[in-house]
J.: 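I am attaching a structure below and will ask some questions about it afterwards.
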Number of protein chains: 2
Amino acid sequence: MNLLFLGMTNPKPHYSIISEFVKKQIQEGIYPTGSLIPSENDLCMQFDTSRMTVRQALNELVKEGFIERKHGKGSFVKSERQSLGLLSFKGFSEVVGSADHEVRTLVVEPPAILPWPQGVFESISRAERGEYFTLKRLRCANDVPVMLEYTYLPIEGFESLLSSELLDGSLFKTLSVKYNVDMRNLEQCLRAIQAETIQSNLLKCPLGSPILAIERKYITNQAGLFVYSKLYCYTDHYSISNVLN
Amino acid sequence: MNLLFLGMTNPKPHYSIISEFVKKQIQEGIYPTGSLIPSENDLCMQFDTSRMTVRQALNELVKEGFIERKHGKGSFVKSERQSLGLLSFKGFSEVVGSADHEVRTLVVEPPAILPWPQGVFESISRAERGEYFTLKRLRCANDVPVMLEYTYLPIEGFESLLSSELLDGSLFKTLSVKYNVDMRNLEQCLRAIQAETIQSNLLKCPLGSPILAIERKYITNQAGLFVYSKLYCYTDHYSISNVLN
DNA sequence: AAATTCATCTTGTATAGACAAGTACTTGTC
DNA sequence: GACAAGTACTTGTCTATACAAGATGAATTT
């Protein structure tokens with residue numbers, strides 16, 4: 001039997017250890033975007049295991065969107081890890097293939113710990129309470145405000161988030177790298193509503209104009225831990241696009 | 001070497017043959033929802049192949065959402081095959097766990113072959129032309145109109161669709177079972193707009209009220225074949241919910 | 001110089017076994 | 001009857017190997 005896994009306090013299967021090992025290296029930038037990761041045989045030798053086990057590990061990473069495999073060439077780090085339910089903006093005047101607009105994120109209020117916002121998530125969840133790490137941000141395309149985003153994460157276990165900056169300004173990346181919390185899937189509710197004062201002010205749209213309201217509940221890989229988002233989008237200048245698999 | 005696959009005109013790998021065989025049986029109702037499909041060893045014997053090959057076949061079906069596996073028990077047909085980007089309705093007055101509302105689909109106009117609707121899919125595609133199998137349907141929850149749905153499928157190769165009914169009234173199910181066309185993923189664009197006359201009439205909402213407009217482009221397993229949908233949703237009484245993975 | 005062949009790398013498919021672990025039922029004991 | 005042990009089934013993990021097939025570059029031939 002092989003000795004590499006013996007010393008670990010880990011009851012996890014080998015393929016899982018290998019896939020997490022490689023995943024961590026990708027997240028740390030040791031294998032940058034587009035680069036080649038070690039071949040199956042390399043990993044077999046490195047972990048003293050069989051090829052089927054390594055293949056199972058790599059197939060996990062394919063499922064999670066970290067790598068893609070090319071027959072005869074190797075396994076490559078995916079160019080852009082598609083985050084779950086990622087929304088992007090699409091301008092109406094754009095020609096297909098034109099240069100991307102610049103997306104900028106403004107922090108409306110500094111991150112804070114606040115009680116659960118009663119009444120905001122009427123469609124998705126009614127049973128939450130306690131204190132939440134709260135982000136209020138405004139996303140702009142070419143300096144035009146498009147999306148107002150409120151994000152809520154239960155503070156329990158994440159108290160240290162307030163004391164340091166988010167990695168690349170992304171809460172989800174920080175959760176994944178620092179806390180091993182990954183988003184598994186999400187439930188969302190869509191509505192078209194009329195902009196109220198607060199949305200109309202921040203999105204710079206007329207009061208009462210139709211805006212898109214999205215409530216999201218992210219289910220994580222940690223049982224009982226959910227992240228909530230409420231999004232308001234003004235879609236007259238940029239529509240909201242995404243891809244489902 | 002085994003003889004079961006030899007006579008076939010099929011250059012496909014064994015696991016793919018097995019998974020399609022089982023998939024077909026599920027679609028035909030031979031293994032109904034929730035039932036147990038044959039064990040890995042059964043399938044090994046039936047196809048005279050090794051267990052790893054059968055496992056690969058079954059894992060494909062897991063990925064596609066047809067079955068789920070339970071350690072120590074067996075593989076079961078999934079209760080409800082989650083179709084890609086499926087939208088459901090959520091009433092505001094409902095208590096969690098209450099009985100579902102009844103969803104009914106009305107055909108606004110009988111299926112017809114029409115030219116590509118210029119200007120409808122401004123956000124997603126501008127380059128289509130030719131004739132399309134066109135469906136215009138209205139989805140109601142508890143007899144309240146919620147979603148107006150236009151669906152477009154290039155008629156080439158699907159001429160026979162007009163001459164027979166859709167399976168369970170579903171275009172996608174018909175495409176999957178009769179034509180082996182499956183939806184791989186989809187791109188969609190969301191906007192909040194004001195209801196115009198036609199939408200306000202059909203959705204029974206005031207002219208100018210905010211409605212949700214969704215443009216969808218479904219990418220299929222057949223290269224170059226796309227299905228398009230345009231959806232208008234009146235979300236004052238029922239919001240639109242879905243799940244992303 | 002151009003084309004072909006060859007060697008060698010990669011991932012993809014497949015075999016034939018082994019043991020672990022979860023589940024369900026039977027059997028035996030108290 | 002209640003409980004424990006055994007057993008027979010399931011899927012999960014893993015080994016060691018083999019050949020197929022795509023990609024790539026070097027060596028050979030034309």
Side-chain angles (χ1 to χ4, degrees), chain A residues 1-22 26 31 34-78, chain B residues 1-22 26 31 34-78 221 223:
Chain A
M1 235 303 159
N2 103 36
L3 298 173
L4 258 179
F5 303 101
L6 231 60
M8 306 197 149
T9 57
N10 219 328
K12 287 180 189 170
H14 294 179
Y15 75 84
S16 180
I17 294 172
I18 298 173
S19 86
E20 283 177 19
F21 179 85
V22 177
I26 291 173
Y31 304 124
S35 68
L36 193 62
I37 70 170
S39 75
E40 295 178 353
N41 279 320
D42 288 348
L43 290 169
C44 287
M45 286 188 288
Q46 183 177 350
F47 287 94
D48 186 24
T49 186
S50 75
R51 213 181 127 210
M52 288 306 294
T53 303
V54 167
R55 281 181 67 76
Q56 195 170 355
L58 295 186
N59 284 335
E60 290 289 314
L61 294 181
V62 170
K63 249 192 288 184
E64 293 175 37
F66 283 97
I67 64 173
E68 60 187 336
R69 324 194 66 186
K70 292 184 182 169
H71 192 173
K73 300 183 77 172
S75 302
F76 299 84
V77 178
K78 255 203 177 172
Chain B
M1 235 301 160
N2 102 37
L3 297 173
L4 257 180
F5 303 99
L6 231 61
M8 307 198 149
T9 57
N10 219 327
K12 287 180 189 169
H14 294 179
Y15 75 83
S16 178
I17 294 172
I18 298 173
S19 86
E20 283 177 19
F21 179 86
V22 176
I26 292 173
Y31 303 124
S35 68
L36 192 62
I37 69 169
S39 76
E40 296 178 355
N41 279 321
D42 288 348
L43 291 170
C44 288
M45 287 189 288
Q46 183 176 350
F47 287 93
D48 186 24
T49 186
S50 73
R51 212 183 128 211
M52 288 307 293
T53 302
V54 167
R55 280 182 67 76
Q56 195 169 354
L58 295 185
N59 284 334
E60 290 289 313
L61 294 181
V62 170
K63 252 192 287 185
E64 294 175 37
F66 283 96
I67 64 171
E68 61 187 336
R69 324 194 66 186
K70 290 185 182 168
H71 192 174
K73 299 183 79 173
S75 301
F76 299 83
V77 179
K78 255 203 177 172
N221 57 350

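To find a chain, count down the sequence lines: A is the first, B the second, and so on, and within it residues start at 1. Every heavy atom of this structure was used, including side-chain atoms; hydrogens, water molecules and symmetry mates were not. Predicted model, so just to flag it, every value in this text is computed and none were measured.
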J.: Rounded to whole Å, how long is the line connecting atom CD of A/Glu40 with atom P of C/dT13?
T.: 11 Å
J.: Among B/Phe47, B/Tyr31, B/Tyr15, which one satisfies ring-ring contact (aromatic ring centres under 6.0 Å, His included) with B/Phe21?
T.: B/Phe47
J.: May I ask you to evaluate whether A/Ser39 reaches the phosphate of C/dC9, defined as a side-chain N or O under 4.0 Å from OP1 or OP2?
T.: no
J.: Please state how far atom CD in A/Glu68 lies from atom C1' in C/dG12, giving the value in whole angstrom units.
T.: 16 Å
J.: Taking atom P of C/dT10 as reference, at what distance in whole Å does atom CE of A/Met45 sit?
T.: 8 Å
J.: Once you round it to whole Å, what is the distance between P of C/dT11 and CD1 of A/Ile67?
T.: 9 Å
J.: Counting just side-chain N and O atoms, does A/Ser75 come under 4.0 Å of either OP1 or OP2 of C/dT11?
T.: yes
J.: Report the nucleotide, chosen from D/dC14, C/dT11, C/dA16, that has the shortest atom-to-atom distance to any side-chain atom of A/Ser50.
T.: D/dC14
J.: Would the base of C/dA14 count as contacting B/His14 through its side chain, where contact means a donor and an acceptor less than 3.5 Å apart?
T.: no
J.: For residues A/Arg69 and A/Arg55, report the shortest heavy-atom separation together with the two atoms involved.
T.: NH1-NH1, 3.8 Å
J.: Does C/dC30 have a Watson-Crick or wobble mate here (both distances under 3.5 Å), and if so which one?
T.: D/dG1
J.: Please step through side chain to side chain contact (heavy atoms under 4.5 Å, CB included) for the pair A/Gln56 and A/Thr53, ending with a clear verdict.
T.: CA-CA 5 Å; A/Gln56 195 170 355; A/Thr53 303; 5.7 Å; no
J.: Is the phosphate of C/dA14, meaning OP1 or OP2, less than 4.0 Å from a side-chain N or O of B/Tyr15?
T.: no
J.: If only side-chain N and O atoms of A/Lys73 are considered, is one of them under 4.0 Å from the OP1 or OP2 phosphate oxygen of C/dT11?
T.: no
J.: Within residues 51-61 of chain B, which residues have any heavy atom lying less than 4.0 Å from an atom of DNA chain C?
T.: B/Arg51, B/Met52, B/Thr53, B/Gln56
J.: For A/Asn59 and B/Asn59, what are the C-alpha separation, side-chain angles and deciding distance, and is it a side chain to side chain contact (heavy atoms under 4.5 Å, CB included)?
T.: CA-CA 11 Å; A/Asn59 284 335; B/Asn59 284 334; over 6 Å; no
J.: Calculate the interatomic distance between B/His71 atom NE2 and D/dT11 atom C1'; express it in whole Å.
T.: 5 Å
J.: Nearest whole Å is fine: how far is D/dT10 C1' from B/Asp42 CG?
T.: 10 Å
J.: Run through A/Val22, A/Ile37, A/Leu36, A/Val62 and flag the one making a side chain to side chain contact (heavy atoms under 4.5 Å, CB included) with A/Ser75.
T.: A/Ile37
J.: What's the CD1-P distance between A/Ile18 and D/dT13, to the nearest Å?
T.: 13 Å
J.: C/dT11 P sits how many Å from A/Arg69 CZ, rounded?
T.: 6 Å
J.: Specify the closest pair of heavy atoms between A/Ile67 and A/Leu58, including all atoms of both residues, with the distance to one decimal.
T.: CD1-O, 3.6 Å
J.: Kindly give the heavy-atom pair with the smallest separation between B/Ala57 and B/Ser19, and that separation in Å.
T.: O-CB, 3.4 Å
